[in-house]
Number of protein chains: 2
Amino acid sequence: MARVRISDVAAAAGVSTATVSLALNDQDARIPEATRERVRRAAAEVGYTPNSVARGLRTQRTRTIGLISDRIATTPFAGRMLSGAQDVAREHGYLVFLVDTDADPTVEREAIRALADQQVDAMIYACMWHRVVDVPASLPRRSVFLDCRPAQGGFPAVVPDDRAGGVAAVRELVAAGHRRIAYVDVDEPHPPVASGLRHDGYLEVLAEAGIEPDPALHVRGDTSSAGGRRAADQLLDLPEDRRPTALFCFNDRIAAGAYVAAHRRGLRIPQDLSIVGYDDQQLVAADLDPPLTTVALPHYEMGRWAMEVALGIRTPDDTGAAHLVPCPIVDRDSVGPPPATAASDSRRRT
Amino acid sequence: MARVRISDVAAAAGVSTATVSLALNDQDARIPEATRERVRRAAAEVGYTPNSVARGLRTQRTRTIGLISDRIATTPFAGRMLSGAQDVAREHGYLVFLVDTDADPTVEREAIRALADQQVDAMIYACMWHRVVDVPASLPRRSVFLDCRPAQGGFPAVVPDDRAGGVAAVRELVAAGHRRIAYVDVDEPHPPVASGLRHDGYLEVLAEAGIEPDPALHVRGDTSSAGGRRAADQLLDLPEDRRPTALFCFNDRIAAGAYVAAHRRGLRIPQDLSIVGYDDQQLVAADLDPPLTTVALPHYEMGRWAMEVALGIRTPDDTGAAHLVPCPIVDRDSVGPPPATAASDSRRRT
DNA sequence: TCCAGGTGTTTAATCGATTTAGCACGTGAC
DNA sequence: GTCACGTGCTAAATCGATTAAACACCTGGA
């Protein structure tokens, strides 16, 4: 059961360990093909695979990456982000250490130290929601920020283009003919960056469409179905001439709440009310009735980008700004033209 | 920027590297406390932390664990399982390598090799759905199966107690007074083990309540909202005297589909129809209207158990059988007594 | 003949820790 | 005085690779 060492291969091939190493790593041009082949055959015969720990000690490169994330457990996004990072790592023969800090600074500090002690070649500092974070004191220079921006700058970072996503969502509604479009925002201070940027996009489209923004159409709720329902109720309670015909929701859960609010009043989607969400959470957006038109968060792509930069395969633009990844809109069935008459049927069901 | 080595500490403390190692690791009783303290102070002063790669090479124990999982990306369960494993590892100073194989056997083989080359102390082989898997040929002896059972046996394994979960769910419905209880199953071959065990639990409770199982009440659909809806429609289309008053659904997504089917017919939950799900997916169960009573999958606990066994902190029972973790029922608002008269209002809405 | 240069391979240092064996010194017993 | 033993520490081997330097041998040119 003892592992096969390079010296076993050397013995089997009748050469020194140096020759084995050189041959297997295609290093020294002076070694003739015949010897290489003999060594390769011997290695295969005895079932040799190099000990990465020993190699890492000698070469000072371990081909491992540390991925530190806050709250992996409770978010549905983590998987896609990990997956993107993971795929790139695998394609290049790297292994990734995953540490979930649960947003605890002590755990975070210790994790960074443990990863540094393991001599990881680089670290990725990932957040599950787009936001601005303080750079941990001991973070090594070779680090990349994923789905967050370092407050102090100085590191490559990748985040979703939330502003452009907001633009896409609201443009979709304007194109369908809506003029009274509400933004159902999340209440502070949850993910201030994403929220603000999406709102910017919203305002930008209103401006380009010549629509005066109505402060009454910007409401907030907590990021849950119940929160979305309450916020939507607030909008749907507005007098008929001020009531929105379309809702742009901060996320899909909030949109799901808006569905409930609408259904409870007998409003049909999209005939009586159009709704656009954000995040494209499979288990929410696609399962709603009707399926929700939403803006997808490019977690997989962001994960890939971060790992590519971490591995040095890709060099970030030297602007110092975070790299923006587009958020594609996913068209489903929750957007339609506004009702011909400002919705005159506000019948209620208990 | 060069890392501090043990020889730097030795120089600073005026002793040999052997003494530093012995002192910092509390190894040799002959070293007096005064020297130990001097070494510790010197280490702190120069900012020394041991190089885990070098230590791993020398001690043949790396304090790392490899966690291999199929499809982390697309499941909401991965997080909690990882989190449980992760927490135990962290508590004991271990780091975990995560590899997502995407259920590709080639990737899996290479991942096992890469992890073995990295000299991980143990591996955890995790599935995202409870099922039986073939043991990969090169899997090391020190491996634990998480949320799956090794077909060939011989390894510790931990899985949810799906039969008991089925029992709990159906008992809840029987206790509420239901006699016509349907099982909305998933169609093969997705996760055959979980499905069969939950069905066993279902039959067990019917038997103990003296209810004759009706084959018409066991339907199947794919594991999606749409699949659940179709399957539920099939049940609700039954003639009034054979129609179920309660649905036990294989999972929460299917239950969500059943909600849609019920709502479309104007059936209220739980007044006209009681529903119990499985999985306790936060984004589905809690956000439904009304919130769904369901059976929780103990992913966090299973993750902990697997890691504890991997680290040798816990020894599995020597029965050779998989360790069963209970699935607690989560009471919300989707279960009530059956309608007084067998639901006479089957009005439909377009 | 001698040397330069090429070819094929090996020797030995190295990465940064841990750990065994043993050295140097002092003390107490006989 | 000698020996056994305890105390405090160190020298050196070791883990399993990589790699710079060097060695042995051969060929061809001056």
Side-chain angles (χ1 to χ4, degrees), chain A residues 1-40 42-43 46-64 93 113-114 116-121, chain B residues 1-40 42-43 46-64 93 113-114 116-121:
Chain A
M1 209 57 211
R3 275 182 61 92
V4 177
R5 297 188 309 289
I6 197 171
S7 58
D8 299 321
V9 181
V15 295
S16 71
T17 62
T19 303
V20 174
S21 174
L22 261 12
L24 292 182
N25 294 309
D26 281 328
Q27 277 302 317
D28 192 325
R30 291 176 305 178
I31 295 179
E33 182 54 27
T35 307
R36 279 180 203 286
E37 188 51 31
R38 187 151 46 88
V39 169
R40 269 186 235 119
V46 298
Y48 171 72
T49 60
N51 180 323
S52 304
V53 174
R55 171 184 282 174
L57 175 60
R58 177 62 237 246
T59 61
Q60 305 288 73
R61 306 198 53 240
T62 54
R63 303 186 80 81
T64 61
R113 196 176 54 64
D117 289 351
Q118 284 285 353
Q119 313 295 113
V120 295
D121 293 337
Chain B
M1 208 56 211
R3 276 184 60 95
V4 176
R5 298 187 310 287
I6 198 172
S7 58
D8 299 319
V9 180
V15 295
S16 72
T17 62
T19 304
V20 174
S21 174
L22 261 14
L24 292 181
N25 293 311
D26 281 326
Q27 277 302 316
D28 192 326
R30 292 176 306 177
I31 295 179
E33 181 55 26
T35 306
R36 276 180 204 286
E37 187 51 31
R38 190 150 45 87
V39 168
R40 268 187 236 117
V46 298
Y48 171 72
T49 58
N51 180 323
S52 305
V53 174
R55 172 184 283 173
L57 175 60
R58 178 62 234 247
T59 62
Q60 304 287 70
R61 307 197 51 240
T62 53
R63 303 186 78 79
T64 60
R113 195 175 55 65
D117 289 351
Q118 283 286 351
Q119 313 293 114
V120 295
D121 293 336

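When reading the values below, keep in mind they use all heavy atoms of this one structure, side chains included, and skip hydrogens, waters and symmetry mates. Proteins get letters first, then strands, A, B, ... in listed order; numbering begins at 1 in each.
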Heavy atoms under 4.0 Å, any strand shown: does A/Val15 hit a base, just sugar-phosphate, or nothing?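 Counting heavy atoms under 4.0 Å across all strands, the contact made by A/Val15 is with sugar-phosphate only.
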Regarding A/Thr35, tell me which of base, sugar-phosphate or nothing describes its non-hydrogen contacts under 4.0 Å with the strands shown.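 Since only primed, P, OP1 and OP2 atoms lie under 4.0 Å of A/Thr35, the category is sugar-phosphate.
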Indicate yes or no for a side-chain donor-acceptor contact from A/Asp28 to the backbone of A/Arg30 under 3.5 Å, with no hydrogens or angles considered.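 Between the backbone of A/Arg30 and the side chain of A/Asp28 there is a qualifying donor-acceptor contact (under 3.5 Å).
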Examine the base of C/dT14 for any acceptor or donor lying under 3.5 Å from a partner atom in the side chain of A/Arg58, and report the outcome as yes or no.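 A donor-acceptor contact between them is present.
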Using a heavy-atom distance cut-off of less than 4.0 Å, which residues of residues 16-32 of chain B contact DNA chain C?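 Within this stretch, B/Ala18, B/Ser21, B/Leu22, B/Asn25, B/Arg30 sit under 4.0 Å of the strand.
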Side-chain contact test, heavy atoms from C-beta onward, threshold under 4.5 Å: evaluate it for [X] versus [Y] and give yes or no.
X	Y	result
B/Asn51	A/Gln119	yes
B/Arg61	B/Arg63	yes
A/Gln118	A/Thr64	no
A/Asp26	A/Arg36	yes
A/Arg38	A/Thr35	yes

Salt bridge (Lys or Arg N to Asp or Glu O under 4.0 Å) involving A/Arg40 - partner list, sequence neighbours excluded: A/Glu33, A/Glu37
Using atom CZ of B/Arg61 as one end and atom P of C/dA17 as the other, report the distance to the nearest whole Å. 19 Å
Shoot me the first and last contacting nucleotide of DNA chain D against chain B, ordered 5' to 3', at under 4.0 angstrom to non-hydrogen atoms. D/dG8 to D/dG16
Of all heavy-atom pairs linking B/Arg3 and A/Ala116, the shortest is NH1-O, 3.6 Å
